[in-house]
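Within every chain, numbering begins at 1; the chains are lettered A, B, ... in the order of the sequence lines, protein sequences first and strands thereafter.
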2 protein chains.
Amino acid sequence: MVLKQDKAEGQQPPARPAGVPAKRATIRDVAREAGVGIGTVSRVLSGRAPVAPATRARVEAAMRKLGYHPSRAAQALSRRRTNTIAVVVPLFTRYFYVEVLRGIEEALDETGYALVIHSVERAADRDRAFGDLVESQRADGALIVSLAPDLSLIESLRALHLPAVLIDSSHPALPSVVVDHERAAAEATHHLLRLGHRRVALIDRKDDPFSAEAASARIPGYRRALAEAAIPWRAEYEVIIDFTPEGGQTALRSLLALPEPPTAVFVGSDTQALGVLEAAREAGLRVPGDLAIVGYNDIEVARYVGLTTMRVPMREMGRRGGELLLRALDLGEVEAVHLRFDAELIVRRTCGGSLFRMPTGIDAIG
Amino acid sequence: MVLKQDKAEGQQPPARPAGVPAKRATIRDVAREAGVGIGTVSRVLSGRAPVAPATRARVEAAMRKLGYHPSRAAQALSRRRTNTIAVVVPLFTRYFYVEVLRGIEEALDETGYALVIHSVERAADRDRAFGDLVESQRADGALIVSLAPDLSLIESLRALHLPAVLIDSSHPALPSVVVDHERAAAEATHHLLRLGHRRVALIDRKDDPFSAEAASARIPGYRRALAEAAIPWRAEYEVIIDFTPEGGQTALRSLLALPEPPTAVFVGSDTQALGVLEAAREAGLRVPGDLAIVGYNDIEVARYVGLTTMRVPMREMGRRGGELLLRALDLGEVEAVHLRFDAELIVRRTCGGSLFRMPTGIDAIG
DNA sequence: TTGCCAGTTGGAACCGGTTCCAGTATACTG
DNA sequence: CAGTATACTGGAACCGGTTCCAACTGGCAA
């Protein structure tokens, strides 16, 4: 990678010290300029107490003249609230999290709350992020995405009266917004069974990337669907593996190596499903002719590779989570409301079957 | 979309008022507990002045006993810095921006700076975000991604001594991290020409989504490459269109309707290239047999659809931008350094040609 | 012994808002 | 007409840190 560095030629005066911001007008300056007391200025600012119209006008003129803007830091200190909401989210590069964040943004838009993002990449980060949340009351509330809160966090939040909402994760003590993964998995599996498949495998990953015991809730859904169709369950058809395309690729390879390889796979994430597609291609299998695939989440790519998948309302979840938190902030109390969404089956080209007419010519992508 | 709402059954005591956080130990409480003055506690906290080891131990014990953590708001007020960095980024759902953010995160990790994200979806948002930046010194510095700062912003930043760094955008007065789009476009075009194409079209979008006049810097690169190969330039081969797959699709359709349709297209964004692929498929063209395509950015999907593209070092740009800002914050002055990166050609399946051996069987995807 | 310095320490003043109480002017009641 | 509410206003006290100056200590050179 080539990298060039151009020094700017002195078009500008030597920069004066940054870091320490320039002196700004304070509320007292405004008060002096307008010939009123600081209390009056504060009242004009907040609009929460009566001020005579003439006085208000004078104060506003003074503010304009001095280019006055209240200091957030000072407001935060004296109001005891920061107008900031913390979001703790794992690996926020992933499409899923980005969509959730987008939903949160939607909810917070226009409310004056700023969003501080704590991205968590390792389990240690998570603990640090949770610690931060608690210690340095930088935020008035928290949204925790796809991470299981531990007991000590819950207690700290309660002790500090810091409202928090869980998104894609749940705990009885906190409000949450989740998807019914169990049901969604059952629906995906049912779909494959309806298409006539009898050898349906599952490739999946953990739900919470950082807690080893948080097995995916999709597993029971998959098993239930099999049971309901009276198809015997086979241990070797369940592969739990890394949440990466490579994981999916490896998983499918191993399934194909079985004496009786599956004819259909339900994959617990589109990300892994991409790898599954790759492995199918490398094995020379036609999709969906030789192998039907249903993914999970409906990430952006899914549409372009024609992946049939369960759409999870990611943005909606973010938005609802944000709204729940705003309400808790407003009401001054948290109600442990639990919202549960259902995923929706999006049929594209990787599942085939006679139930759906495919547009001609794009039946196969393998 | 189905939505269920369960009220929690009263497993927990009625929540006490949130919003107003519980009383926390202050520095004065710690001082009293440890039998020292507040100055001494502050010194222990900051570690920036000598404190006798025995005293320090007593203070630390007191802090531990009281569960003391300094208030960020109070620190921000008295230190006149917030330890927060603002990022202004358009439509941050896009892979490009997410990658840049990831790079920024990398740079800021472990530095104690928090990241406040201002997502900009409309031009009005941008102005509001810029306004916020200036007014409410919520942040010590700013990173502005893919947005052209206007003059008034530059002046405000300077007046406030608020350091800012531009990423994927530039201005003489501010440090910036950019990609040499002109050169990258020339390289992409050259590649297609080297493969023997003589009818090479360009599909592109604006560089800055919010400023109408910011034509893509790729256009001159494309033209230069043509000129260097002595290929006459044709106005009808340059299509500037929406930054969406649909835009790309529409663009290719119109190019194919020309009396002499191109045999190759350089597309100024992978997102549009996805639509181009779709349009090629719908027209029954083989890619790259009938139409060669080179995209731009190397977004995640590109790999899975086999798109040849110019890889832009998105994460690296974010990281460098973050580092530049940290340095400005450290030094207390901003040097208008301009870093320029080159994009890198990533050859996959959509350009074809005899120069590169394709793995068998995946030559065509149309 | 005195003088001086470095190492420590206490705490008032300050950062820039909000809040609340006391005070003034005006309006309305009986 | 006094009596009391009502509308508005000023500013001290406070939020919880940091900073700086004055003061105290002991060690060491003169």
Side-chain angles (χ1 to χ4, degrees), chain A residues 19-60 62-63 66-84 112 135-138 140 160, chain B residues 19-60 62-63 66-84 112 135-138 140 160:
Chain A
V20 178
K23 184 73 185 165
R24 307 168 63 112
T26 73
I27 202 170
R28 284 163 237 268
D29 299 327
V30 175
R32 195 178 322 114
E33 176 73 27
V36 302
I38 55 169
T40 302
V41 178
S42 180
R43 266 165 241 134
V44 170
L45 228 41
S46 71
R48 270 201 302 273
V51 174
T55 312
R56 152 165 292 127
R58 280 218 317 291
V59 171
E60 281 167 351
M63 295 202 289
L66 299 177
Y68 169 79
H69 293 284
S71 148
R72 299 281 186 167
Q75 287 183 322
L77 180 59
S78 56
R79 287 187 186 157
R80 277 95 162 288
R81 52 183 293 163
T82 57
N83 276 318
T84 290
E135 291 170 15
S136 56
Q137 64 285 47
R138 238 203 261 262
D140 299 333
L160 292 166
Chain B
V20 178
K23 184 74 183 162
R24 307 167 64 111
T26 73
I27 201 170
R28 283 163 238 270
D29 298 327
V30 175
R32 195 178 323 111
E33 175 74 27
V36 301
I38 55 169
T40 301
V41 178
S42 180
R43 266 165 240 134
V44 169
L45 228 41
S46 71
R48 271 201 302 273
V51 174
T55 312
R56 152 164 292 130
R58 279 218 316 291
V59 171
E60 281 167 350
M63 296 202 289
L66 298 177
Y68 170 79
H69 293 284
S71 148
R72 299 279 186 170
Q75 288 184 322
L77 181 59
S78 57
R79 287 187 187 159
R80 278 97 163 289
R81 51 183 295 163
T82 59
N83 277 318
T84 290
E135 291 170 14
S136 57
Q137 64 285 48
R138 237 203 262 265
D140 299 333
L160 292 166

Subject >> B:Ser42 side chain to B:Ile38 backbone, donor-acceptor under 3.5 Å >> reply: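 Absent.
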Original post:
If you look at every heavy atom in A:Glu33 and A:Ala62, which pair is closest and at what distance?
Top reply: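 Closest approach of A:Glu33 to A:Ala62, heavy atoms only: CG-CB, 3.5 Å.
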Does [X] have a side-chain nitrogen or oxygen under 4.0 Å from the phosphate oxygens OP1 or OP2 of [N]?
X       : N      : value
B:Thr40 : C:dG10 : yes
B:Arg43 : D:dT19 : no
A:Gln75 : C:dG16 : no
B:Arg80 : C:dC15 : no

Subject >> A:Leu77 side, atom CG; B:Ser71 side, atom OG - distance, nearest 0.5 Å >> reply: 6.0 Å
May I ask you to say what [X] touches in the nucleic acid, namely base, sugar-phosphate or nothing, with a heavy-atom cut-off under 4.0 Å?
X       : answer
A:Val51 : sugar-phosphate
B:Arg56 : nothing
A:Thr26 : sugar-phosphate

Subject >> Close side-chain approach of A:Leu45 to A:Met63, heavy-atom, < 4.5 Å >> reply: yes
Subject >> Toward the 5' end of DNA chain C, by each residue's nearest nucleotide, B:Arg79 or B:Ala52 >> reply: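 Comparing both residues, the 5'-ward one is B:Ala52.
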Original post:
DNA chain C: B:Ile38 or B:Ala74, which has the more 5' nearest nucleotide?
Top reply: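 Nearest nucleotide further toward 5': that of B:Ile38.
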Between atom [atom1] in [X] and atom [atom2] in [N], what is the gap in whole Å?
X       : N      : atom1 : atom2 : answer
A:Leu66 : C:dG17 : CG    : P     : 12 Å
B:Asn83 : C:dC15 : CG    : P     : 20 Å
B:Arg58 : C:dT9  : CZ    : C1'   : 11 Å

As a test of reading the structure: which of [options] is closest to the side chain of [X], going by heavy atoms?
X       : options                : result
A:Ser71 : C:dG17, D:dG16, C:dG10 : C:dG17
A:Thr55 : C:dT9, C:dT18, D:dT9   : D:dT9
A:Tyr68 : C:dG17, C:dT19, C:dC15 : C:dG17
B:Ser42 : D:dT18, C:dC15, D:dC8  : D:dT18

Original post:
Can you find an N or O donor on one side and an acceptor on the other, under 3.5 Å apart, linking the side chain of B:Arg28 with the base of D:dG17?
Top reply: yes
Subject >> Result of checking B:Val36, B:Asp29, B:Thr26 against B:Val41 for side chain to side chain contact (heavy atoms under 4.5 Å, CB included) >> reply: B:Val36
